[in-house]
Amino acid sequence: MTDSSVTNSRFIELDRIEKVFDVRKKTGFLRRERREVRAVDSISFTVARGEMVGYIGPNGAGKSTTIKMLTGILTPSGGRLRVAGIDPSRERTRLARRIGVVFGQRTTLWWDLPLIDSYRLMHRMYRIPDARYRENLDRCVELLELGALLDVPVRQLSLGQRMRGDIAAALLHDPEVLYLDEPTIGLDVISKAKVREFLKDLNTEQGTTVLLTTHDLQDIEQLCRRVMVIDHGRLMYDGPLTGLHEVGESERTLVVDLERELPPIEAAPARVVRVEGPRQWLAFPASESAAPLVARIASAYPLVDLSVREPDIEAVIAQMYAQQAERVGEEMGEGGFQHAP
Ligand SMILES: Nc1ncnc2c1ncn2[C@@H]1O[C@H](COP(=O)(O)OP(=O)(O)OP(=O)(O)O)[C@@H](O)[C@H]1O
């Protein structure tokens with residue numbers, strides 16, 4: 001393999017990466033207790049150029065800490081890290097030209113300025129060639145529907161509008177890698193759909209490598225073929241989302257509104273778990289497609305409406321732990337659930 005094909009297949013590379021925080025807590029008038037928090041505990045993975053990967057886990061699992069190390073904001077306490085062949089904490093400025101970051105809970109835009117002024121400032125800060133800046137701005141404005149918002153101060157934008165504005169800001173300098181930390185948090189259904197559609201196109205058309213952290217399993221389902229699960233700083237699973245459902249044996253819920261109250265619907269393998277008047281909740285294995293089940297119920301029962309609810313990430317991980325406890329000493333070793341991607 002040539003150097004560049006090695007870099008392409010291991011565009012992002014973490015080898016036993018650790019991050020330990022030293023936390024000092026006041027325990028008395030002059031006493032302070034020192035405690036170590038192992039936020040990331042020997043994580044190894046590679047992401048190929050052009051991949052779109054979900055990086056999920058419960059609160060405090062170590063996701064943001066990993067992303068901060070990938071951007072060079074934090075220096076690992078141990079292990080080896082490379083992004084596009086660059087050591088992020090040593091060459092943060094050089095790397096900044098090649099990566100884009102969107103933190104859903106924070107904005108990189110200037111709060112009091114109209115959106116377009118933030119973009120103009122970024123144009124200068126990143127020294128983006130004029131033609132490239134114009135081309136990228138036009139594309140983002142069109143696809144993210146920002147035209148009517150460019151002259152609006154950022155503080156007046158809705159959350160969904162601001163998020164689209166932030167995504168555009170992260171892309172003006174043509175990054176090869178985009179880190180997204182909760183890009184759909186707090187957005188309504190339509191805004192979520194717009195953001196997802198845009199990210200999908202960005203990945204397929206521009207070949208941008210995307211690492212996505214989210215609490216919304218639908219983000220992963222619609223965008224990522226591969227998902228990594230982290231918990232207590234350790235990588236618990238690396239593989240397809242369907243495999244995660246199988247490992248955790250998690251369930252989705254079909255919420256069915258019937259025309260009238262009826263006895264519990266019979267549609268194995270789904271089973272009714274709750275009934276409230278004409279509404280029934282049916283649980284079914286998340287690894288199964290909902291389509292045949294929906295078709296069967298629709299042909300046998302008088303339906304008014306139905307919707308599918310995904311399990312939340314916490315529930316999937318809780319299931320993984322329950323499974324692990326059951327299988328201790330059997331097929332699961334100490335290393336957990338790592339699947340080859
Ligand atoms: N600067 C810091 N100093 C001390 N501890 C920290 C620091 N940053 C993070 N931690 C701790 O490291 C652990 C991992 O935090 P991190 O923010 O990476 O989790 P996360 O998976 O991103 O969680 P969330 O989904 O809530 O954002 C937590 O226990 C957190 O309290």
Side-chain angles (χ1 to χ4, degrees), residues 12 14-27 31-45 47 52-79 81 83 88-89 92 99-108 159 162-163 166-167 170 177-187 192 195 199 210-221 223-224 226-238 241 244 248 250 310-321 336-338:
I12 299 175
L14 287 80
D15 184 14
R16 283 163 288 168
I17 281 294
E18 295 185 356
K19 182 68 195 176
V20 180
F21 291 109
D22 235 346
V23 185
R24 280 163 211 277
K25 210 173 110 196
K26 218 172 164 178
T27 54
R31 285 180 56 128
R32 277 173 195 276
E33 204 175 80
R34 216 177 130 241
R35 198 168 54 91
E36 280 191 348
V37 175
R38 197 164 281 275
V40 171
D41 190 3
S42 196
I43 282 192
S44 303
F45 63 78
V47 175
M52 179 123 138
V53 183
Y55 194 56
I56 66 175
N59 290 336
K63 305 179 296 289
S64 303
T65 305
T66 312
I67 292 196
K68 284 178 190 159
M69 288 192 281
L70 288 169
T71 59
I73 297 173
L74 287 175
T75 307
S77 316
L81 178 56
V83 176
S89 57
R92 192 171 153 190
I99 63 172
V101 191
V102 178
F103 287 105
Q105 319 253 35
R106 253 175 298 139
T107 183
T108 50
L159 189 61
R162 204 216 74 208
M163 179 57 68
D166 260 303
I167 293 175
V177 185
L178 183 63
Y179 302 121
L180 296 156
D181 195 354
E182 300 283 356
T184 61
I185 196 161
L187 303 192
K192 275 187 187 187
V195 166
L199 294 175
V210 180
L211 192 68
L212 168 77
T213 81
T214 181
H215 274 86
D216 189 332
L217 275 185
Q218 283 194 344
D219 284 345
I220 304 289
E221 191 151 79
L223 296 173
C224 306
R226 175 181 169 199
V227 58
M228 289 186 268
V229 180
I230 171 175
D231 191 24
H232 292 101
R234 308 205 93 191
L235 194 60
M236 302 273 297
Y237 175 86
D238 185 350
L241 182 64
L244 176 61
S250 57
E310 296 297 322
D312 61 21
I313 284 166
E314 275 75 8
V316 173
I317 290 170
Q319 286 278 356
M320 285 171 72
Y321 277 122
F337 301 94
Q338 286 201 37

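Remember, it's 1-based here, ligands and their atoms both numbered in the order they're listed.
In summary, the atoms of ligand 1 found under 4.0 Å from a heavy atom of V23, numbered by their order in the structure, are 4 (C). If you number the atoms of ligand 1 from 1 as listed, the ones under 4.0 Å from a heavy atom of P58 come out as 21 (O).
Counting protein heavy atoms only, atom 19 (O) of ligand 1 is closest to G62 N, 3.2 Å. Counting protein heavy atoms only, atom 16 (P) of ligand 1 is closest to T65 OG1, 3.6 Å. Atom 9 (C) of ligand 1 has its closest protein heavy atom at F21 CE1, 3.5 Å. Protein heavy atom in closest approach to atom 11 (C) of ligand 1: V37 CG1, 3.9 Å. Looking only at protein heavy atoms, the nearest one to atom 24 (P) of ligand 1 is G60 N, 3.7 Å.
Neither the backbone nor the side chain of V40 comes within contact range of ligand 1; no heavy atom lies under 4.0 Å.
Using 4.0 Å as the threshold, H215 has a heavy atom nearer than that to some atom of ligand 1. Heavy-atom separations between G57 and ligand 1 are all 4.0 Å or longer.
Side-chain contact between D219 and L180: absent, with no pair of heavy atoms (C-beta onward) separated by less than 4.5 Å. Residues S44 and D15 meet the side-chain proximity criterion, which asks for heavy atoms closer than 4.5 Å. By the 4.5 Å heavy-atom criterion applied to side chains, L212 and M52 are not counted as neighbours. A 4.5 Å side-chain heavy-atom check between S64 and T213 finds every atom pair outside the cut-off. Side-chain contact between M163 and T184 is absent, with no heavy atoms from C-beta onward closer than 4.5 Å. Two residues are said to be in side-chain contact when any heavy atoms from C-beta on lie closer than 4.5 Å; L199 and V210 fail this criterion. V83 places a side-chain heavy atom less than 4.5 Å from the side chain of Y179. The closest side-chain heavy-atom distance from Y55 to L70 is not below 4.5 Å.
Put simply, atom 30 (C) of ligand 1 has no protein non-hydrogen atoms near it, under 4.0 Å away.
Of the candidates E36, K68, H232, K63, K63 brings a heavy atom nearest to atom 25 (O) of ligand 1. When the heavy-atom distances from atom 22 (O) of ligand 1 to A61, S64, A39, G233 are ranked, the shortest goes to S64.
Listed for the E182 side chain is a donor-acceptor partner under 3.5 Å among the backbone atoms of H215.
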